[in-house]
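Note sheet for the following structure.
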Amino acid sequence: MTTRYPLLPSLRLATGITIGALFSYRVISAVYRLYFHPLAKYPGPKLWAISRIPWAWHLIRGDLWQVLGRFHEKYGTTVRIAPDELTTISPTAWTDIYVTKPLLPKDPHSQTPPLNGAHSLFTAPDNTHKRIRTTLVNGFSDKALREQAPIIEAHANNLVSRLHREAARAAPGGSIDIQKLFGYATFDIVTDLSFGESVRGLEDDNEHAEITAFFFHAKFGTIRNCLSRFSPLDILLGLFLLSISRKARERNWRLTTEKIDRRLSKGDMTGVRSDFMTPVIGRIDESGTKGITKKEVVTNGLAFVIADCQLTTVALATSTYLLLRDRPKWEQLTKEIRGRFSSHEEITVHSSQGLPYLEAVINETLRLHHPTPISLPRSVPPEGRVIDGEHIPGNTVIGINLQNIQNDPSLWEEPRVFHPERFLPATDERYDGRFDKDVRAAYVPFSTGPRNCLGARVFLAQARVILAKLVWSFDLKMGSVGDDWLDQKAYLVFEPKPLPVKILPRQDTVA
Ligand code: HEM
């Protein structure tokens with residue numbers, strides 16, 4: 001009998017051989033990765049050592065930071081979390097990974113390529129980074145901050161006025177989402193500092209859908225970067241999302257370019273105002289060898305807006321939540337602020353510095369719930385690198401997870417409890433000796449080295465002034481908030497949950 005499909009048996013055989021070969025390859029590769037790979041000696045969950053998929057799964061779920069925290073508690077200081085990746089919480093690794101020259105480059109899979117081809121500081125490779133940072137850095141110095149202070153203070157005053165209006169409008173006993181208003185305040189401040197004009201969210205009672213878009217952008221970027229390890233999935237996702245967001249992106253780009261153009265056309269405004277664009281004036285150079293190109297100014301302006309708006313908002317909302325959940329801490333801060341100032345206008349960028357409890361609250365907030373609870377992954381060159389006294393093999397990705405190094409019980413006393421007191425000077429009567437055990441070298445929330453945070457000073461200025469004015473002006477009470485508020489998903493940054501609070505004008509003597 002003749003068959004109608006004479007090739008079928010050989011097709012089946014070929015399929016069987018292919019599946020068999022693939023299976024054998026997987027098994028051999030798993031055995032190699034587990035027992036013979038240069039990273040085989042590092043502890044960690046076996047499945048993660050064999051495949052990237054568990055890591056990717058948790059990154060996409062937004063709970064990687066929690067899972068890695070549990071791994072460090074179980075496996076120790078340095079843990080293998082993928083066939084080619086280690087995470088460490090060793091405080092001495094800060095210098096080895098982020099400061100020692102030649103600098104380890106950022107892991108390319110952790111970077112979203114710039115859509116307009118011009119790099120921000122976050123994504124720029126070595127020499128481009130140096131050139132752009134040299135141009136922009138003077139906009140973030142102590143001197144620049146002193147000159148920018150009136151802008152920050154004016155918007156912080158607008159927040160106080162807006163909260164008074166909101167309180168008057170709210171139903172008796174009603175709450176407002178203060179997290180949203182922190183977003184508006186930081187958006188106003190950073191657009192003023194980046195573009196020379198604020199979006200006037202607070203004054204005009206505007207609503208800002210852009211802020212939600214920033215968080216969506218962070219989520220999309222995280223997922224795209226994750227999928228870049230499984231190429232071409234990243235390209236497909238990129239094409240799909242880029243095609244549906246094309247119009248919005250073109251509009252944003254056009255609007256941002258127009259704003260930057262308006263600011264640049266005003267030139268050097270020394271004596272009138274100072275902002276992040278001040279050092280850029282006269283230094284635009286399209287050669288790409290010195291100064292900064294116009295497109296890079298726009299990309300970096302947008303990057304400042306997004307970084308400030310997201311991170312400062314998350315930090316302010318977290319401080320407020322932690323203080324209201326632990327009333328004695330709120331009262332301690334109130335005592336310090338109300339004892340120091342006799343009107344909220346007296347609270348300035350300058351006068352709010354060096355208040356011990358306020359500083360301690362901000363530090364403890366960043367320690368307990370770092371707004372960007374990610375690893376800062378770097379690529380080890382082929383010849384390897386000594387990190388924390390150990391030779392790390394070439395082509396390994398290694399990073400410190402900002403959240404976990406600040407929350408590991410081997411480094412901190414009661415790490416998951418809000419204790420601003422741990423950051424008070426040891427001479428302060430409120431300091432408690434049990435925090436001597438804390439390994440303070442582990443706390444580096446703005447990273448270190450040439451790629452550390454450019455905006456740390458401006459963040460701290462905003463946080464001090466806004467928290468101090470808030471505490472001076474109002475008696476806040478927590479609205480209906482679950483105990484799991486800190487249990488947030490993270491895509492590059494924590495996705496903030498609404499924070500309903502009741503806002504009551506302060507009852508004691510107000511000037
Ligand atoms: C709570 C507030 C903030 C925290 C915890 C924070 C933290 C960090 C960290 C850890 C890095 C290093 C990233 C890496 O190595 O990949 C960084 C970089 C950076 N941050 Fe921040 N940041 C904060 C606020 C801000 C603000 C308000 C701005 C701007 C207005 C800003 C601008 C930048 C820039 C431009 C970089 C890149 C610097 C470079 O590579 O040269 N940050 N930040």
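Whatever order the structure lists them in is the order used to number ligands and atoms, beginning at 1.
Using 4.0 Å as the threshold, V190 has no heavy atom nearer than that to any atom of ligand 1. Not a single heavy atom of A303 sits closer than 4.0 Å to an atom of ligand 1.
Note: F304 and F140 have perpendicular aromatic rings, judged against thresholds of 30 and 60 degrees for the angle between ring planes.
Contact annotation: for R133 versus ligand 1, heavy atoms closer than 4.0 Å belong to the side chain alone.
Looking only at protein heavy atoms, the nearest one to atom 16 (O) of ligand 1 is K106 NZ, 3.1 Å. Scanning the protein for heavy atoms near atom 15 (O) of ligand 1, the closest one is R378 NH2, 2.9 Å. The protein atom (non-hydrogen) at minimum distance from atom 22 (N) of ligand 1 is C453 SG, 3.0 Å. Protein heavy atom in closest approach to atom 7 (C) of ligand 1: P445 O, 3.8 Å. Atom 33 (C) of ligand 1 has as its closest protein heavy atom F122 CZ, 3.6 Å. Closest protein heavy atom to atom 28 (C) of ligand 1: G455 CA, 3.5 Å. In this structure, the protein non-hydrogen atom closest to atom 24 (C) of ligand 1 is L311 CD1, 3.8 Å. Closest to atom 13 (C) of ligand 1 among all protein heavy atoms lies L376 CD2, 4.0 Å.
Taking CG from N407 and CZ from R367, the interatomic distance works out to 5.0 Å, rounded to the nearest 0.5 Å. Taking NZ of K329 as the start and CZ of F418 as the end, the distance is 7.0 Å to the nearest 0.5 Å. Atom OG1 of T88 is separated from atom CG of N404 by 11.0 Å, given to the nearest 0.5 angstrom. In this structure, the separation between CG on L402 and CD1 on I374 is 6.0 Å, given to the nearest 0.5 Å. To the nearest 0.5 Å, atom OG of residue S410 and atom CD1 of residue I405 are 9.0 Å apart.
No side-chain N or O of Q406 forms a donor-acceptor pair with one of H370 less than 3.5 Å apart. Donor-acceptor pairing under 3.5 Å is lacking for the side chains of S90 and T77. Counted by atom type alone, N225 and T112 present one or more donor-acceptor pairs between their side chains at under 3.5 Å.
For atom 5 (C) of ligand 1, the candidate residues are Q111, H129, H370; the nearest heavy-atom contact is made by H370.
Close contacts between ligand 1 and R451 involve ligand atoms 12 (C), 15 (O), 40 (O) [criterion: under 4.0 Å to a heavy atom]. Near N452, meaning under 4.0 Å from one of its heavy atoms, ligand 1 places the atoms 38 (C), 39 (C).
An N or O contact shorter than 3.5 Å is missing between Q462 and ligand 1 by distance. Distances between N or O atoms of D308 and those of ligand 1 include no value under 3.5 Å.
Within a 6.0 Å sphere centred on NZ of K130, heavy atoms belonging to other residues, nucleotides or ligands number 12 at most.
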